[in-house]
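To start, the structure under review is shown below, and the notes come after it.
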2 protein chains.
Amino acid sequence: MSDLSELEGAVLGILWSDGPQTAYAIRTRFRKSPSSHFSGSAGAIYPLVERITKVGLVKAVATSRGKRSSTSYELTENGCMALQNWVVPVKDWMAAVEFDPIRTRVHFLGSLDSDQQDRFLHEAMTKLEAEVKATKKLVSELATSKDNWRTWGARGALAVLQARMEWVRAIIDSLATDGAGTS
Amino acid sequence: MSDLSELEGAVLGILWSDGPQTAYAIRTRFRKSPSSHFSGSAGAIYPLVERITKVGLVKAVATSRGKRSSTSYELTENGCMALQNWVVPVKDWMAAVEFDPIRTRVHFLGSLDSDQQDRFLHEAMTKLEAEVKATKKLVSELATSKDNWRTWGARGALAVLQARMEWVRAIIDSLATDGAGTS
DNA sequence: CCGCTCATGTAACTGGTTACATGATTTA
DNA sequence: TAAATCATGTAACCAGTTACATGAGCGG
């Protein structure tokens, strides 16, 4: 295992934080995750689990839910070490400016007429507000749980969302007072 | 052209904002861009430019730099409309929480011992500080330019970086006072 | 004239995605 | 008993990447 991908690291992390579970459960975790850009597609998860089993980061154990039997996966000692080594050295690219489709589009807002610019900015605000609201709810739900790190994760998501929202608001305000940009 | 990809939209946008230029120049623009998660790889740009030429969003024009001749690409009427239609309807996923490798790792920080947690958080702070500094510089450089939208773009990047930085600082602070999280 | 940048491309790979297929078990 | 969920997979695709190859013009 040269270097774990982001998805591989995340899978090990889930196995570490939530304990042994089926590939299906891992998949569901990604699908229901509000934040993640991973879809939890079967085509990604099942081969991945097979792969990390083969190299011994994870161990298959037979489990059953009622009458239904299935295979759960458990983090091994090696897997736990691999997780730690995946987390800890912060690479430069991890701190880099993230991809933001709204920001990308703002660069080219000058190609639109004033009405369309307004429409874009207000739509963006509305969507961001909805995300902020949902994330705030998540944070408050998690706050009562025992998993502080997960709460911090949600707080991070919230902080970024709010920053984006205030930034869009600033553009709207400046447009209202100064008028449009160039080009 | 069913729907433009992010890269396709961005290429049209560059052609709109910076005028006709060679595929190589577009490539360089991405490579030197501080933010973008696109590498500007030849294997992406050249086929892409060919594709959008074929469907008439862009028009090839012969140009020369000194004795060196090359092909520049110019936005067509159709291309400009395609750009506008790519920008304007804000889809839900555009406002979603972005991918952040630092945040992902924070979720699993409980798997590390206290020293390693500290190391991670301080490394993250250092890298984020460096990014913030560079982005601040960029913003102030752009502020004197005529391209207001580009300046807003950089400001957006800065806002998000600062939010991430303050979030990491908050974790460090809370760790210093309360002690560690669970698990 | 030698190395750098400009300029254009292609082949193999990567790390995921969608969509499909299948079947057992549980729940309404 | 029908529909939903649990569970496991595979095949085709996608939008990018890295790495390689090639050649011309330009500046020291």
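In what follows, chains are A, B, ... by sequence order, proteins preceding strands, each numbered from 1. On a predicted model such as this, the values are computed, not experimentally measured, just so you know.
- In this structure, the nucleotide among dC26(D), dG16(D), dA19(D) sitting nearest to the side chain of Ala42(B) is dA19(D).
- For the pair Arg119(A) and Glu123(A), the salt-bridge criterion is met [side-chain N within less than 4.0 Å of a carboxylate O].
- The CZ atom of Arg29(B) sits 19 Å away from the C1' atom of dA7(C) (whole-angstrom rounding).
- Taking atom CG of Leu4(B) as the reference point, atom C1' of dA15(D) lies 14 Å away to the nearest angstrom.
- At the heavy-atom level, Ala25(A) lies nowhere under 4.0 Å from the strands shown.
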Could you walk me through whether Glu131(A) and Arg164(A) pass the salt bridge (Lys or Arg N to Asp or Glu O under 4.0 Å) check?
CA-CA 11 Å; Glu131(A) 287 288 324; Arg164(A) 291 168 77 201; over 6 Å; no
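- The side chain of Arg68(B) has dA7(C) as its nearest neighbour among dT17(C), dA7(C), dT25(C).
- Taking only side-chain nitrogens and oxygens, Ser41(B) never comes nearer than 4.0 Å to OP1 or OP2 of dG16(D).
- Of the side-chain N and O atoms in Ser69(B), none sit less than 4.0 angstrom from OP1 or OP2 of dA24(D).
- In this structure, CD1 of Ile26(A) is placed 10 Å from P of dT8(D), rounded to the nearest angstrom.
- Side-chain proximity of Phe38(B) to dT17(D), dT26(C), dT8(C): nearest is dT17(D).
- Within 4.0 Å (heavy atoms only), Leu48(B) reaches no atom of the nucleic acid at all.
- Evaluation of the side-chain hydrogen bond (donor to acceptor under 3.5 Å, both in side chains) rule for Arg29(A) yields Asp18(A) as partners, not counting sequence neighbours.
- The phosphate of dT14(C) (OP1 or OP2) has no side-chain N or O of Ser5(A) nearer than 4.0 angstrom.
- One atom, CZ of Phe30(A), and another, P of dG16(C), lie 9 Å apart when rounded to the nearest Å.
- The separation between Glu50(A) atom CD and dT8(D) atom P is 12 Å, rounded to whole Å.
- Protein atom CZ of Arg27(A) is 9 Å distant from nucleotide atom C1' of dA7(D), rounded to whole Å.
- Between dT8(D), dT8(C), dC6(D), one nucleotide has an atom nearer to the side chain of Ser70(A) than all others, and that is dT8(D).
- Between Trp86(A) and Phe108(B), the two ring planes are tilted [angle within 30° to 60°].
- Nucleotide dT10(C) holds its P atom 11 Å from the OH atom of Tyr46(B), rounded to whole Å.
- We find that OH of Tyr73(A) is positioned 12 Å from P of dA7(D), with the value rounded to whole Å.
- Not one side-chain nitrogen or oxygen of Thr71(A) sits closer than 4.0 Å to the OP1 or OP2 atom of dA7(D).
- Across the interface with DNA chain C, nearest-nucleotide mapping of Leu7(A) and Lys67(A) shows Leu7(A) to be the residue nearer the 5′ end.
- Relative ring orientation between His37(B) and Phe99(A) is described as tilted, the plane-to-plane angle lying within the 30° to 60° band.
- Put simply, Tyr24(B) has a side-chain N or O that comes within less than 4.0 Å of OP1 or OP2 on dC6(C).
- Taking for each of Ser72(B) and Arg65(A) the nucleotide of DNA chain C with the nearest heavy atom, the 5'-most of the two is the partner of Ser72(B).
- Taking the centre and axis of the six-membered ring of Trp152(A), the NZ or CZ atom of Arg155(A) falls inside the cone set by 45° and 6.0 Å.
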